[in-house]
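The block underneath contains the structure these notes are about, expressed in structure tokens.
Each chain gets a letter, A, B and so on, in the order its sequence line appears, and its residues count up from 1.
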There are 2 protein chains.
Amino acid sequence: MKQLKFSQHLCFPIYALSRLITSHYQPLLGELDLTYPQYLVMLLLWEHTSMNVKTLGETLMLDSGTLTPLLKRLEAKKLIKRVRSKEDERVVNIQLTAQGTALQQQAGEIPLRLADSLGITAAEAQELRDAITPLLYRLKPALRG
Amino acid sequence: MKQLKFSQHLCFPIYALSRLITSHYQPLLGELDLTYPQYLVMLLLWEHTSMNVKTLGETLMLDSGTLTPLLKRLEAKKLIKRVRSKEDERVVNIQLTAQGTALQQQAGEIPLRLADSLGITAAEAQELRDAITPLLYRLKPALRG
DNA sequence: TAAAATTAAATTGTGTACAATATATTTCCA
DNA sequence: TGGAAATATATTGTACACAATTTAATTTTA
């Protein structure tokens with residue numbers, strides 16, 4: 001069987017584009033002392049006020065091995081509180097602090113500044129998102145093993 | 001200014017899709033004892049026989065901080081050799097070993113098996129690649145700072 | 001209802017990513 | 001031509017990702 005050339009592989013452009021976009025976020029998020037995954041968590045909390053670790057993980061498609069230390073860093077920065085649920089002691093609820101809530105103001109311009117940094121228009125960004133989002137949720141999760 | 005909702009952000013679908021695709025590679029690549037970035041390096045070497053670290057880094061958009069330890073792991077697995085160039089002692093050439101060359105046989109079925117695992121057709125994969133690849137190479141690299 | 005199964009987080013260990021810096025070599029040019 | 005600038009790789013340190021396992025709490029079910 002003929003080997004596919006490197007350039008014919010689907011995987012690489014998505015992998016590289018994801019990292020490239022993250023690298024454009026970095027200087028903007030650096031002003032808020034956030035990493036990109038930390039920013040995603042903050043976006044969700046700004047929208048929902050409180051979420052538990054499991055729900056965050058399902059939404060971001062990240063497991064507790066990634067989230068637990070990330071959330072501890074956000075807590076160390078006093079942006080969130082980690083509160084074990086009274087109703088179900090297995091659950092940890094993540095709540096915004098006043099400082100975490102206040103940070104939303106500084107974050108408002110980031111999407112526009114990001115598009116500017118990337119050199120794409122809002123329309124192009126939407127087109128790409130519309131191409132990718134349905135695929136993301138249609139693909140089967142990988143089988144372990 | 002109204003805050004964009006989480007779902008309106010371009011960034012997340014690409015970030016999540018990239019990780020989802022990698023997770024589908026993992027069981028297939030595990031049979032070859034390769035990680036996904038290691039597989040990308042091997043794909044390039046199978047196509048070009050020998051490349052130096054700089055060229056690998058430009059093609060994969062990875063720096064020496066990522067590549068040096070990754071290449072040392074491939075060398076420890078006896079798939080490649082790292083050979084300092086005689087003409088320019090700054091340059092390290094990466095060469096396939098016989099074992100590294102032989103591994104290509106086992107890798108031939110991976111692209112089809114991946115598409116099957118993802119549950120997409122070759123046509124869909126190509127459509128997505130065609131949407132993303134030009135964007136990848138058009139975007140400006142991020143400014144450091 | 002008590003043991004088994006399930007669930008939610010945390011922990012451990014490996015491997016990227018990448019900024020920042022260091023080191024060694026080569027090239028440039030005053 | 002000899003020191004400054006540029007180049008290629010390596011190193012250090014921080015922060016993800018994620019598989020695998022552990023721990024503690026809850027639910028199921030025999």
B/Lys72 side-chain N/O to D/dT11 phosphate OP1/OP2 under 4.0 Å | yes

When B/Leu71 and A/Gly65 are each assigned the nearest nucleotide of DNA chain D, the 5'-most assignment goes to B/Leu71

task: Ignoring backbone atoms, establish whether A/Tyr15 has a side-chain N or O less than 4.0 Å from OP1 or OP2 of C/dA17.
output: yes

Between CG of A/Leu56 and C1' of D/dA17 the distance, given in whole Å, is 16 Å

Do the side chains of A/Val92 and A/Thr68 get nearer than 4.5 Å, heavy atoms only?
no

*Does B/Lys54 make a side-chain N or O approach to OP1 or OP2 of C/dT25 shorter than 4.0 Å?*
no

Side chain to side chain donor-acceptor pair (under 3.5 Å) filter on A/Arg113, not counting sequence neighbours, yields A/Glu31

Q. Under 4.0 Å between a Lys/Arg side-chain N and an Asp/Glu carboxylate O for A/Glu89 and A/Arg84?
A. no

Worksheet item: Are any of B/Gln26's side-chain N or O atoms less than 4.0 Å away from OP1 or OP2 of D/dA17?
Response: no

Rounded to whole Å, CZ of B/Arg73 lies from C1' of C/dA17 at a distance of 11 Å

Atom NE2 of B/His24 and atom P of D/dA17 are separated, to the nearest Å, by 18 Å

- Message: Is the phosphate of C/dT16 approached by B/Thr35 (side-chain N or O, under 4.0 Å from OP1 or OP2)?
- Response: yes

A/Leu29 CG to D/dT14 C1', in whole Å, measures 16 Å

**Asked** Contact class for A/Thr66 vs. all strands (heavy atom < 4.0 Å): base, sugar-phosphate, or nothing?
**Response** base

Here the distance between atom C1' of C/dT14 and atom CG of A/Asp63, to the nearest Å, is 14 Å

* **Distance test, side-chain N/O of A/Ser64 to OP1/OP2 of C/dA9, below 4.0 Å** => no

The correct set of residues in residues 80-91 of chain A placing a heavy atom under 4.0 Å from DNA chain D is A/Glu87, A/Asp88, A/Glu89, A/Arg90

A/Ile94 CD1 to C/dA9 P, in whole Å, measures 8 Å

All heavy atoms of B/Ile80 vs all of B/Leu71, minimum pair found to be CD1-O, 3.4 Å

To the nearest angstrom, the CE-C1' distance between B/Met42 and C/dT16 comes to 18 Å

Under 4.0 Å, heavy atoms only, any strand: does B/Arg19 hit a base, just the sugar-phosphate, or nothing?
sugar-phosphate

Heavy-atom nearest nucleotide on DNA chain D taken for B/Val92 and for A/Pro69; more 5' hit belongs to B/Val92

Heavy atoms of B/Gly119 and A/Arg138 approach each other most closely as O-NH2, 3.0 Å

Quick check: does any side chain N or O of A/Gln38 sit under 3.5 Å from a backbone N or O of A/Thr35, one acting as donor and the other as acceptor? yes

Would you say B/Gln38 places a side-chain N or O within less than 4.0 Å of OP1 or OP2 belonging to C/dT16?
yes

note: B/Asp33, atom CG; D/dA19, atom P; distance rounded to Å ~ 16 Å

Exercise. Among side-chain atoms of A/Asp88 and A/Ser85, is any donor-acceptor pair under 3.5 angstrom?
Worked result: no

### Query
Contact class for A/Leu67 (heavy atom, under 4.0 Å): base, sugar-phosphate, or nothing?
nothing

Those residues at least two apart in sequence (or on a different chain) that pass side chain to side chain donor-acceptor pair (under 3.5 Å) with A/Asn93 are none

